Colleague: 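Here's a structure for you.
For clarity, every value in this text was computed on a predicted model and none was experimentally measured. Throughout, protein chains are lettered first and strands after them, A, B, ... in sequence-line order, and every chain is numbered starting at 1.
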Amino acid sequence: MAPSRPGVNSIKAEDFDLNATLSCGQVFRWRIHDGRWYGLIDNAAIRIRQIGKRIEYSSSRPIEPERIRGYFNLGVDLDGILKSIDKDKHIHKAISGFRGLRIIRQEPAECLISYILSSNNNIPRINTLIERMSACFGERNEKLNGVSFHTFPTLKRLSSECEDGLKACGAGFRVPYVKETARKVSSEKGFFDRLKGLGYEAAKESLIGLKGVGDKIADCVLLFSLGKNEAFPVDVWIKRAVDEFYFKGKKSTLRDCASFGREHFGEYAGYAQEYLYCYIRSQKFQ
DNA sequence: TCTAGACCTCG
DNA sequence: GAGGTCTAG
């Protein structure tokens, strides 16, 4: 029997692919060093890797295994979900290529602000922007195995920060969006819980009412942090996939693309979106 | 309702 | 030009 290592926990993770889950673009801030993923969960720095049907993790502060399971959404019946979206040959291939990819349950405030920062921006720059904002305005600095993580700033902090401070991070024209949205959301206690209780359409309407939040970002927040699995965020990659696979190469509008996704795949369209995203990108990058 | 142009910044 | 949104017309 292997000697137990202090601080390292191991939990069962069936039907799960950690790498696919963390590299499919749904979440920011996770980094890989020496075969282990580093990131934050509940403001604790986490180091994690997968070994077969288990995941091994350690953390900068104690964190319940149940919390790890919850974050990676290991409790949901992925097999049932994938069966329900497996409606045609394209999604079928995507599923067989990336089986085990799960939709993470992100912290809503961080998810919302991060995606506001993503508009008209590219991924490397979004990442540095988020890191800079966290370094400047995050409340704590968590360290683990020599890797240091600043916690994501609270909405209160972002709303009270002067525009120049945010601008210095490189957020550009998104600064007023971040500030105004942070102010509005933090002024309503339980804003996200209220949205969780609403249906998809109503919750989406509330989000779109926020500055800097349009269709795509609203769908990302709904899917990645509020549990609305029918959300089908349409970015350039998904549009390419849908136009190519389902519209015979004809260019659709963003709106048509989104409603096609929700109608064709149904209750768990968001999972289909993630699998298609990985699939189309793997094709283009070959 | 719909479309075009502008928008900070630069791994 | 970038994983979009806002605003005007």
Side-chain angles (χ1 to χ4, degrees), chain A residues 20-33 94 98 101 103-104 106 110-137 158 161-185 201 204-225 231-245 250-259 261 269-285:
Chain A
T21 299
L22 289 177
S23 35
C24 67
Q26 61 178 318
V27 67
F28 301 96
R29 305 207 72 190
W30 284 89
R31 302 282 180 277
I32 197 158
H33 298 290
F98 297 94
L101 161 57
I103 290 180
I104 288 175
Q106 300 183 38
E110 174 173 345
C111 184
L112 173 61
I113 299 299
S114 298
Y115 276 98
I116 287 177
L117 296 173
S118 79
S119 76
N120 190 234
N121 209 346
N122 58 49
I123 295 164
R125 288 204 56 243
I126 300 165
N127 288 329
T128 42
L129 189 45
I130 292 173
E131 291 312 317
R132 284 210 277 249
M133 279 204 174
S134 303
C136 290
F137 310 120
L158 290 173
E161 196 53 45
C162 66
E163 300 229 344
D164 291 346
L166 296 171
K167 209 148 212 167
C169 295
F173 66 86
R174 307 165 193 86
V175 166
Y177 299 164
V178 169
K179 221 173 124 63
E180 170 60 17
T181 290
R183 188 197 61 74
K184 194 165 165 188
V185 172
E201 295 289 350
K204 183 165 179 177
E205 206 174 312
S206 286
L207 285 171
I208 288 182
L210 300 168
K211 281 283 181 221
V213 180
D215 259 296
K216 191 259 181 178
I217 291 176
D219 276 330
C220 287
V221 174
L222 290 165
L223 178 62
F224 300 141
S225 73
F232 190 84
V234 178
D235 62 20
V236 292
W237 290 97
I238 289 303
K239 188 159 172 339
R240 271 174 214 160
V242 169
D243 289 350
E244 181 179 329
F245 297 149
K250 249 192 300 184
K251 303 279 181 220
S252 64
T253 64
L254 293 172
R255 215 193 169 78
D256 288 345
C257 183
S259 47
Y271 280 79
Q273 189 269 8
E274 283 301 291
Y275 279 83
L276 283 175
Y277 176 88
C278 288
Y279 182 56
I280 191 88
R281 281 179 59 109
S282 70
Q283 280 195 331
K284 301 295 175 187
F285 286 142

Colleague: Are side-chain heavy atoms of A/Phe173 and A/Ser119 found at a separation under 4.5 Å?
Modeller: yes
Colleague: Does the pair A/Tyr277 and A/Phe98 meet the rule for a ring-ring contact (aromatic ring centres under 6.0 Å, His included), with working shown?
Modeller: CA-CA 10 Å; A/Tyr277 176 88; A/Phe98 297 94; 9.7 Å; no
Colleague: Roughly, in whole Å, what's the span from CG in A/Asn122 to P in C/dA2?
Modeller: 9 Å
Colleague: For A/Arg125 and B/dT9, give me the distance from atom CZ to atom P, rounded to whole Å.
Modeller: 9 Å
Colleague: Measure CZ/A/Phe173 against P/C/dG1 and give the value in whole Å, please.
Modeller: 16 Å
Colleague: Specify the residue among A/Leu254 and A/Arg174 whose closest nucleotide of DNA chain C lies further upstream toward the 5′ end.
Modeller: A/Arg174
Colleague: Tell me the interatomic distance from A/Leu166, atom CG, to B/dT9, atom P, rounded to whole angstroms.
Modeller: 12 Å
Colleague: To the nearest 0.5 Å, tell me how far A/Leu117 CG sits from A/Leu166 CG.
Modeller: 9.0 Å
Colleague: Donor-acceptor pair, distance only, cut-off 3.5 Å: does the side chain of A/Arg174 make one with the backbone of A/Ala171?
Modeller: yes
Colleague: Applying side-chain hydrogen bond (donor to acceptor under 3.5 Å, both in side chains) as the test, list every pair that has at least one member in residues 211-222 of chain A; sequence neighbours left out.
Modeller: A/Tyr200-A/Asp219, A/Lys204-A/Asp215, A/Lys204-A/Asp219
Colleague: Tell me the interatomic distance from A/Asp215, atom CG, to B/dT1, atom P, rounded to whole angstroms.
Modeller: 14 Å
Colleague: Roughly how many Å is it from NZ in A/Lys179 to P in B/dC8, rounded to a whole number?
Modeller: 17 Å
Colleague: Walk me through it: do A/Phe245 and A/Tyr279 pass the test side chain to side chain contact (heavy atoms under 4.5 Å, CB included)?
Modeller: CA-CA 11 Å; A/Phe245 297 149; A/Tyr279 182 56; 3.6 Å; yes
Colleague: Does anything in residues 126-137 of chain A reach DNA chain C, meaning a heavy atom under 4.0 Å, and if so which residues?
Modeller: none
Colleague: Expressed in whole Å, how much space separates the P atoms belonging to B/dC8 and C/dT7?
Modeller: 12 Å
Colleague: Please produce a list of atom pairs where a protein N or O lies less than 3.5 Å from an N or O of nucleotides 6-9 of chain C.
Modeller:
from, atom 1, to, atom 2, distance (Å)
C/dC6, OP1, A/Gly212, N, 2.9

Colleague: Check DNA chain B for consecutive Watson-Crick or G-U pairs with both distances under 3.5 Å and list the runs of at least three as stems.
Modeller: B:2-7 with C:4-9
Colleague: Taking the minimum atom-to-atom distance to the side chain of A/Pro124, which one of B/dT9, C/dG4, B/dG11 wins?
Modeller: B/dG11
Colleague: Decide yes or no for A/Lys179 and A/Glu161: does some side-chain heavy atom of the first lie under 4.5 Å from some side-chain heavy atom of the second?
Modeller: no
Colleague: What parts of residues 234-244 of chain A reach DNA chain C, counting only heavy atoms under 4.0 Å away?
Modeller: A/Asp235, A/Val236
Colleague: Do the side chains of A/Asp164 and A/Val175 get nearer than 4.5 Å, heavy atoms only?
Modeller: no
Colleague: Quick one: side-chain hydrogen bond (donor to acceptor under 3.5 Å, both in side chains) partners of A/Asp243, sequence neighbours excluded?
Modeller: A/Lys239, A/Ser252
Colleague: Considering only heavy atoms from C-beta outward, does the side chain of A/Leu101 approach that of A/Tyr271 to under 4.5 Å?
Modeller: no
Colleague: Atom CG of A/Leu112 and atom P of C/dG4: how far apart are they, to the nearest Å?
Modeller: 16 Å
Colleague: Pick out which of A/Leu112, A/Ile116, A/Val221 makes a side chain to side chain contact (heavy atoms under 4.5 Å, CB included) with A/Leu210.
Modeller: A/Leu112
Colleague: Can you check whether A/Arg29's main-chain N or O pairs, donor with acceptor, with A/Arg31's side chain at less than 3.5 Å?
Modeller: yes
Colleague: Please give, in whole Å, the distance from C/dT5 P to A/Asn120 CG?
Modeller: 10 Å
Colleague: Answer yes if the side chains of A/Asn121 and A/Ser118 hold a donor-acceptor pair under 3.5 Å, and no otherwise.
Modeller: no
Colleague: When you measure from the side chain of A/Gln273 to the backbone of A/Val234, do you find a donor-acceptor pair of N or O atoms at a distance under 3.5 Å?
Modeller: no
